[in-house]
**Q** 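Have a look at this one.
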Amino acid sequence: MTHYDFKTIEPKWQKRWEEQKLYKVDEDDKKPKYYCLEMFPYPSGKLHMGHVRNYSIGDVVARFKRMKGYNVLHPMGWDAFGLPAENAAIKHGIHPAKWTWDNITNMRNQLKQLGISYDWDREIATCHPGYYRWTQWFFLKLYERGLAYRKKSFVNWCPSCATVLANEQVVDGRCERCGAEIGKKNLEQWFFKITEYADQLLEDLKKLPGWPEKVKVMQENWIGRSEGVEVYFTAEKTGEKIPVFTTRPDTIYGVTYLVLAPEHPMVNELASGTPYENEVREFQKKMEKLNEITRTSTETEKEGVFIGAYAVNPVNNERIPIWIANYVLLDYGTGAVMGVPAHDQRDFEFARKYGLPLKVVINPPGESLCPEHITQAYVEEGILVNSGMFDGMNSMDAIKAIGRYMEEKGIGKIKVNYKLRDWLISRQRYWGAPIPIVYCQKCGIVPVPEDQLPVMLPDDVEFNPKGTSPLLDCEEFLNTTCPICGGPARRETDTMDTFMCSSWYYYRYTDPRNDDKPFDREKLEYWMPVDQYIGGVEHAILHLMYSRFFNKVMRDAGLVHVDEPFTNLLTQGMVLKEGAKMSKSLGNIVSPEEIVEKYGADTARLFILFASPPEKDLEWSDQGVEGCYRFLQRVWRLVEELAPRVKDPTADERLDREVRRLVHKTIKKVTDDIEERFNFNTAISAIMEMVNGLNSRKEESISGPVIKEALENLLVMLAPFAPHIAEELWERLGHEQSIHLMSWPEADEEAMAEEVVEVVIQVNGKVRGKITLPAGISEEEMKEAALRHDRVLPLLEGKNVVKVVTVPQKLVNIVVK
RNA sequence: GCGGGCGUGGCGGAACUGGCAGACGCGACGGACUUAGGAUCCGUUGGGUUUCCCGUGGAGGUUCAAAUCCUCUCGCCCGCACCA
């Protein structure tokens, strides 16, 4: 007898599968398609356990669906542009391209060692010119459709590095690299008009029943739709309109002041020449230094200053002071807020702090509020007072009525407002896809013509610790000619946000080597949408929302046929050790390499799938891994022991039936667990039970064909979880064709049928006994048997049987008094 | 504050539309084989005052029957957070 030698069999099969191109797919109209996609990784260097989990889950789905007769697209690639590559260049002097490609080689090998069933011929890397050429092409599509535009915007600015920083690179208001205090700078940046699709992105969440509620809610909050009215106040000094967004137009008569964001464009003009001018400047400077998080945190106290100017309320011509304050944000709504201290808690606090007046315009039903005595804002529904012609109206009705009134009068407009902001895609970085734009002195902003793509990222650049993009110093890149007039022009030196690259990669897998277009329409239509998308919940908003936006734009451009790119989404839980996320600082990292080295890929995969259902967090346990390793050894021994007996004659038909029942019940359970719920943990435990059951009967005389059926089904069911050992044992059973080309078994109802059932007998809901009865027994007979039961009889003495409840084939409950 | 999720043995976790709570695995204990055991195999393993009783964070309720449904409450995790 041989022992389970994963170190030999795993490489053996990985090699053979690769040679045979076992997992290669093409379009095939004879089979239903299934697109199984896992979020592609950033090539950081090595796989971590989170990756192993993600890809193990995806592999089970892909392998299972294949065995179920689907034509499965299961690709892998690399989200290969990004900052860490550039940091490596600055720190260690390695070119980002080399660093990235080396990491990819490494991680590709790791994935192959795990035996994941990818069609490697479809591998893509977003940093490859053959890929980013189309990223740039999509940029042009957005530009053509007016969805890519340039705008001045306040961005994080590090004065010492002389560069713009992404929000993630600002830590506690300081530069992550040099520690300098970050300021805000108003710079020209490229944006995508995702806000134009806000409504659709929100509405179409309803079309995604296969997405976790949690993710949909997060997107909903992020989009942040609110209905209200934009009211036009007038600046007394300049006569200019000051638009203010409010969801509570019913409180318009209660406005006692106006607050603008400190950066609001009108502030300087309104404040200039007033005694408050200096104070206003000071306040603005102070706000500039604060990053958004500290400034807008609920913990931060509300602060503001009067700017020395007044505005007029359009409904009653009241003159009200204008303030600026920390809690008003320029980029939400109109950057201006009306202050209604009696009916808004924030306004209430602000007004109390600065002694601003308070005016009650809504009373609780049957009550009358006194402005001097209220201790907090009244925000509930009520009856309007002090509101001119609207007095006496219910506030809910007044919201609509006043909105309509303002529209009629031209002093306001009913409006839907979103929290969602346009997507800033400019990055002052080298390692990204260059934005395909040229600036010509004569022609202005000129898109690079499609036939001149890709705008290649130059290799030969200097990396320096200045933090600026090397593209700025690269003369050959920077200087070009205008595609329109042929005159001298300058290239855009910013590169695109990497989320742009990952917003369309799932299209490219359908036709990864196409040099003429991003994809062939027919191929795309065959494979899209992605049937099952699997990844971490950390991408719940950004990546998934950008991809949805992108898909909608491309649909409107007539390039794709689906409304939503991902039909079903599974967000897997984290891998924890000692209750905490694995991290370097905690020193609780378990390396996939070590586990594969010590136990093999099959054990690693099996444990990760067995320890917890996929959506839940998974607590790593070295002993749990051992348990799975032992299980695979048991499987090995069982098959080795029983394999020689597949020609045994029939001896004990009762035993044969018992074994077949076990096998087919397991098939049913495993199929349901995988198919309906992705409960791989319980599917595996069912397989374990089957192995235990076979083990305990192996000394007895089971007939050859039943042994064969049992072993073959065992291996086929094990194949999606532990593909190498299943394949090896399959071969040892004498099969020439790969187990991974087998069909998933169907449970045989007849074989599953029980001959006897165990019926639980309860008296007043408490279990008092169990009896074995022939299957198919009637409820009446069950009842009789229960009432005769010797454990039941004494409990019935001197009591009345009130009622007998029966559950067919399962339970009898005798209710006595 | 708002939204989402979760509380079950020593541990990870089972229990589908209410119907035997604790499947499967880990750990622990006992035994067999053994020079040895951190290998393997077999057995036991929720708690207790053990014909029976108590047990799914807690308190009520609905029901013949509740981990599961309802009400209240406590605790933990995640997301958003002055959004006008």
Side-chain angles (χ1 to χ4, degrees), chain A residues 212-222 224-226 228 231 244-248 251 259 261 293 295-302 325-329 331-340 344-347 349-350 417-420 537-538 540-541 573-574 576 579 606-607 610-613 615-628 630-631 633-634 637 669 672-673 676-677 679 681-692 695-696 758-770 791 794 802-808 810-816:
Chain A
E213 204 49 41
K214 177 182 172 164
V215 173
K216 288 191 276 188
V217 168
M218 280 166 77
Q219 293 209 354
E220 226 175 277
N221 291 342
W222 186 262
R225 182 192 150 99
S226 62
V231 190
V244 169
F245 180 75
T246 178
T247 54
R248 293 293 305 273
T251 64
V259 192
I293 299 146
R295 191 180 125 188
T296 63
S297 152
T298 353
E299 322 279 287
T300 314
E301 207 185 324
K302 288 165 191 52
N326 57 350
Y327 72 93
V328 179
L329 309 170
D331 41 20
Y332 183 77
T334 60
V337 178
M338 60 189 214
V340 188
D344 182 290
Q345 191 56 28
R346 286 162 307 172
D347 296 346
E349 284 163 28
F350 192 76
N417 201 43
Y418 296 95
K419 234 163 82 178
L420 184 72
V537 74
E538 65 274 17
I541 295 174
M574 286 187 297
L576 309 176
L606 195 71
F607 168 72
F610 175 65
S612 187
E615 330 75 62
K616 278 181 114 183
D617 286 350
L618 179 152
E619 176 67 30
W620 187 268
S621 151
D622 290 332
Q623 283 149 340
V625 177
E626 299 251 10
C628 287
R630 279 202 290 266
F631 167 71
Q633 287 176 307
R634 270 202 301 280
R637 276 198 306 272
K669 167 84 176 143
D672 289 352
D673 280 351
E676 282 166 30
R677 294 180 287 272
N679 281 354
N681 55 334
T682 49
I684 292 167
S685 73
I687 298 174
M688 287 173 170
E689 281 177 86
M690 175 170 156
V691 169
N692 293 345
N695 250 324
S696 65
E758 190 175 63
V759 174
V760 173
I761 301 176
Q762 297 181 334
V763 175
N764 287 342
K766 293 198 166 133
V767 180
R768 296 301 167 177
K770 289 171 192 179
R791 290 280 310 284
V802 182
K803 192 175 175 184
V804 180
V805 184
T806 56
V807 179
K810 259 192 186 161
L811 172 140
V812 180
N813 187 12
I814 303 161
V815 187
V816 297

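Convention: sequence-line order gives letters A, B, ...; per-chain numbering from 1.
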**Q** Need one value for A/G224: base, sugar-phosphate or nothing, where a base atom within 4.0 Å counts as base even if backbone is also close, heavy atoms only.
**A** nothing
**Q** List the residues meeting side-chain hydrogen bond (donor to acceptor under 3.5 Å, both in side chains) with A/D672, not counting sequence neighbours, and say none if there are none.
**A** A/K668
**Q** Quick one: label A/V815 by what it contacts on the DNA or RNA (base, sugar-phosphate, nothing), any heavy atom closer than 4.0 Å.
**A** sugar-phosphate
**Q** Can you name the side chain to side chain contact (heavy atoms under 4.5 Å, CB included) partners of A/E220, sequence neighbours left out?
**A** A/L202, A/L205
**Q** Name all residues meeting the side-chain hydrogen bond (donor to acceptor under 3.5 Å, both in side chains) criterion together with A/E689; count only those two or more places apart in sequence or in a different chain, and write none if there are none.
**A** none
**Q** What donor-acceptor contacts under 3.5 angstrom involve side-chain atoms of residues 761-769 of chain A, with partners at least two apart or in another chain?
**A**
| from | atom 1 | to | atom 2 | distance (Å) |
| --- | --- | --- | --- | --- |
| A/N764 | OD1 | A/V816 | N | 2.9 |

**Q** Give A/E349 one of three labels, base, sugar-phosphate or nothing, depending on what nucleic acid heavy atoms sit under 4.0 Å from its own.
**A** nothing
**Q** Output all residues satisfying side-chain hydrogen bond (donor to acceptor under 3.5 Å, both in side chains) with A/T806, sequence neighbours left out; order by chain, then residue number.
**A** A/E779
**Q** How does each nucleotide of nucleotides 3-19 of chain B score, in 5' to 3' order, for protein heavy atoms under 4.0 Å: base (B), sugar-phosphate only (S), or none (-)?
**A** SS-------BSS----B
**Q** Using atom P of each nucleotide, how far apart are B/rA14 and B/rC6 to the nearest Å?
**A** 12 Å
**Q** Got a minute to check which stems RNA chain B is part of, using Watson-Crick or G-U wobble pairs under 3.5 Å, three or more consecutive?
**A** B:1-7 with B:74-80, B:10-12 with B:24-26, B:27-32 with B:40-45, B:46-48 with B:52-54, B:57-61 with B:69-73
**Q** Mind checking side chain to side chain contact (heavy atoms under 4.5 Å, CB included) for A/Q345 and listing every partner two or more places apart, or none if nothing turns up?
**A** A/F348, A/E349, A/Q376, A/A377
**Q** Checking A/F607 now: which residues fulfil ring pair (Phe, Tyr, Trp, His ring centres under 6.0 Å) with it, not counting sequence neighbours?
**A** A/W620
**Q** Please list, chain by chain and in numerical order, all residues satisfying side chain to side chain contact (heavy atoms under 4.5 Å, CB included) with A/A683, sequence neighbours excluded.
**A** A/V670, A/D673, A/I674, A/F721
**Q** Restricting to side-chain hydrogen bond (donor to acceptor under 3.5 Å, both in side chains), what partner residues turn up for A/N417, sequence neighbours left out?
**A** A/Y332
**Q** What does A/D344 touch in the nucleic acid at a heavy-atom separation under 4.0 angstrom: a base, only the sugar-phosphate, or nothing?
**A** nothing
**Q** Would you list the protein and nucleotides 52-56 of chain B atom pairs, both N or O, that sit under 3.5 Å from each other?
**A**
| from | atom 1 | to | atom 2 | distance (Å) |
| --- | --- | --- | --- | --- |
| B/rC52 | OP2 | A/R791 | NH2 | 2.8 |
| B/rC53 | OP1 | A/R768 | NH2 | 3.2 |
| B/rC53 | OP2 | A/R768 | NH1 | 3.2 |

